[in-house]
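Right, one structure below, let's go through it.
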Amino acid sequence: MELLLMSDTHVPARARGLPAELLEHVPRADVVIHAGDWTDTATLDLLQQRARRLVAVYGNNDGPRLRARLPEVAYAELGGLRFAVVHETGPARGREQRCAARFPDVDVLVFGHSHIPWDTTAGDRLRLLNPGSPTDRRRQPYCTYMTARAATGRLTEVRLHRLAAAPRPSRG
């Protein structure tokens, strides 16, 4: 099962739209995961139309229209693994222990908010993944997203993809 992970798209505030490279992956993925901070419903509509399956949540910058359509936490079983998706997990310090306690029955937690790519494991059980942002790199050297494969209860081929900076919206 091919997975495409993204978060913090912030369209149109931080970019005019999703990068072409990312959009090319959407219909090829079995599941697209978005960990919140969309800021517009048009991007949600676009991914719902193009993705085979979308697992998504709202983030702290998402208003009432997105919150009416998306949960704060989403759960899905994918490739024999139990996934949870949430936008915020708090400070980096102590994240693994906090998330392991909050999500005791989950194998993989996908989160966003920081725009900082993250890939760690809490103990020997919970894998924590933050794909960064494909549109707003903040203090990171690149905009990013992730891909992975889930099958027979294993997560493999987790890959962080670097993107060129997304076109900024005009301010005129």
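Residues take their numbers from the sequence shown, with the count starting at 1.
- Side-chain contact between Trp118 and Thr89 is absent, with no heavy atoms from C-beta onward closer than 4.5 Å.
- Hydrophobic clustering (side-chain heavy atoms under 4.5 Å, transitive across Ile, Leu, Val, Met, Phe, Trp, Tyr) keeps Val85 apart from Leu70.
- Atom CZ of Arg98 has more than 12 heavy atoms from other residues, nucleotides or ligands within 6.0 Å.
- For the side-chain contact (heavy atoms from CB on, under 4.5 Å) with Arg50, the lone residue among Leu18, Val26, Val32 that qualifies is Val26.
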**Study point:** Candidate pair Thr135 and Asp8, rule side-chain hydrogen bond (donor to acceptor under 3.5 Å, both in side chains), full reasoning
**Key:** CA-CA 8 Å; Thr135 56; Asp8 298 283; over 6 Å; no

Practice item. For the pair Arg127 and Thr120, evaluate side-chain contact (heavy atoms from CB on, under 4.5 Å) and give the outcome as yes or no after the intermediate values. Key: CA-CA 6 Å; Arg127 183 86 174 257; Thr120 59; over 6 Å; no

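- No single ILVMFWY cluster, assembled from side-chain heavy atoms under 4.5 Å apart, contains both Leu163 and Ile116.
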Check your understanding: After noting the C-alpha distance and the side-chain angles of His161 and Tyr142, does the key distance pass the ring-ring contact (aromatic ring centres under 6.0 Å, His included) rule?
Key -> CA-CA 9 Å; His161 299 263; Tyr142 301 96; over 10 Å; no

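- Within the structure, every pair that satisfies the ring pair (Phe, Tyr, Trp, His ring centres under 6.0 Å) test and touches residues 66-97, not counting sequence neighbours, is listed here: His87-His113.
- Two residues are said to be in side-chain contact when any heavy atoms from C-beta on lie closer than 4.5 Å; Pro131 and Thr144 fail this criterion.
- In this structure, Val73 and Arg102 have side chains that are in contact, with non-hydrogen atoms separated by less than 4.5 Å.
- Taking a 6.0 Å sphere around CZ of Arg154, one finds it holds 12 or fewer heavy atoms contributed by other residues, nucleotides or ligands.
- Linking ILVMFWY side-chain heavy atoms closer than 4.5 Å, directly or via other members, places Leu128 and Leu3 in two distinct hydrophobic clusters.
- Using a 4.5 Å heavy-atom threshold, the side chains of Glu21 and Leu23 count as separate.
- More than 12 non-hydrogen atoms from other residues, nucleotides or ligands lie less than 6.0 angstrom from CZ of Arg52.
- With respect to the salt-bridge test (charged N to carboxylate O, under 4.0 angstrom), the residues Arg69 and Asp62 do not qualify.
- For the side chain to side chain donor-acceptor pair (under 3.5 Å) test with His115, the passing option among Arg139, Arg14, His10 is His10; the others fail.
- Val11 places none of its side-chain heavy atoms less than 4.5 Å from the side chain of Arg16.
- Residues Leu126 and Glu96 fail the side-chain proximity criterion, which asks for heavy atoms closer than 4.5 Å.
- Here the side chains of Ser133 and Thr9 are not in contact, with every heavy-atom distance at 4.5 Å or above.
- At a threshold of 4.5 Å between side-chain heavy atoms, the hydrophobic network of Ile, Leu, Val, Met, Phe, Trp and Tyr places Val55 and Met6 in two separate groups.
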